[in-house]
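Atoms within a ligand are numbered from 1 in the order they appear, just like the ligands themselves. Quantities reported herein were computed from a predicted structural model and do not represent experimental measurements.
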Amino acid sequence: MKQFQYIRPATQQSVLEAIAKPGTQIIAGGSNLVDLMKHGVMSPDKLVDINKLPLRGITPAKSGLHIGALALNSQVAEDKQVKEKFPLLSMALNAGASAQLRNMATVGGNMMQRTRCPYFYDTSMPCNKRIPNSGCGALEGFNRMHAIFGASDKCIAVYPSDMSVALAALDATVLIAGRKGQRRLPFTDFHRLPGNTPEIDNNLAKDQLILAVEIPDNNYAKHSYYLKVRDRASYAFALVSVAAALDIDNGTIRGARLAMGGVAHKPWRLTEAEKSLVGKPANMASFEQAAQIAMQGAKAYKDNAFKLQLGPATITEALQHAAGLV
Ligand code: SF4
């Protein structure tokens with residue numbers, strides 16, 4: 001591993017000044033970054049540890065909940081307010097990684113985690129995300145875990161977070177600090193599709209810091225479910241996952257939120273499928289129709305055509321669970 005400097009500033013201002021310099025990298029829990037550094041995939045000159053900043057709180061917001069960027073994944077998953085208001089987020093967090101990792105990983109770090117495409121981690125292989133314009137090992141290689149939505153001929157990787165799929169479905173907002181002040185970004189606009197610049201995972205500028213995410217109040221707490229399909233029961237990334245949330249009144253769907261994980265370079269929100277559910281009875285026919293709509297435009301590669309069947313099946317099952325039909 002390349003030698004690096006390490007600092008632990010005590011104020012937001014000193015963090016922002018430090019990360020404005022080239023070669024710096026923020027570290028919080030380090031549960032992904034340390035692996036990337038060991039593999040030689042990322043080689044920062046200086047790590048800026050932000051753990052002294054007061055960003056761990058989970059507090060009521062004007063409408064909803066404010067979750068600090070340094071709140072631990074385990075802390076958020078078990079928080080009473082989160083479980084009561086947004087059980088979907090708690091379920092998604094508990095589906096991710098292992099108990100040990102959830103005790104280290106932070107909300108901000110979870111958002112910033114990088115793809116688990118094996119060619120990204122293998123520095124002997126071409127990878128446009130690791131080295132722009134070097135090629136993509138996965139396009140003609142083993143691409144069983146890869147994208148079926150939103151990919152480009154430069155990169156077909158998927159984004160691995162479970163937490164982010166729930167936050168995308170819950171209409172969360174990201175609070176970001178920069179040297180020119182703060183800004184707010186819809187969670188669904190935070191991560192990017194690969195296009196011609198797969199090396200850029202998200203819309204956070206190099207000199208900006210995630211402060212928190214905020215989730216607005218909603219009527220989905222009673223009918224929500226996170227379903228993750230993976231190769232083993234724990235400590236595995238999603239082949240396909242679905243965050244499903246329904247607002248049901250007397251058997252009729254008043255509102256729906258749906259997002260998928262394991263299928264794209266960002267959490268994949270299914271707005272057309274959501275619209276198709278509104279006003280329909282909460283039954284299998286409505287769910288199967290929404291699942292078909294959700295899969296429009298999906299494209300498989302050599303080894304991941306099974307996701308074209310697994311995707312709609314997972315959506316239908318997640319909606320059944322959310323509606324309380326199974
Ligand atoms: Fe790299 Fe993306 Fe291709 Fe994987 S899919 S090898 S991350 S460019």
| message | Are N51 and R8 packed together at the side-chain level, in the sense that at least one heavy-atom pair is separated by less than 4.5 angstrom? | response | yes

| Out of curiosity, is K154 lining ligand 1, as in a heavy atom under 4.0 Å away? | yes

| task | Could you tell me how the ring of Y225 sits relative to the ring of H321: parallel (under 30°), tilted (30 to 60°) or perpendicular (over 60°)? | result | parallel

| note | Cluster membership besides M1, Ile/Leu/Val/Met/Phe/Trp/Tyr side chains within less than 4.5 angstrom, sorted by chain and number, is F4, Y6, I27, L33, V34, L36, M37, V41, M42, L47, F120, Y121

| said: Below 2.8 Å, which protein N, O or S atoms neighbour atom 4 (Fe) of ligand 1, ignoring water? | reply: C117 SG

| task | Working to the nearest 0.5 Å, report the span between NE2 of H223 and CG of L325. | result | 9.5 Å

| query | Is a donor on one side and an acceptor on the other found under 3.5 Å between the side chain of R269 and the backbone of A168? | reply | yes

| Does T197 reach the main-chain N or O of E199 with its side chain, forming a donor-acceptor pair under 3.5 Å? | no

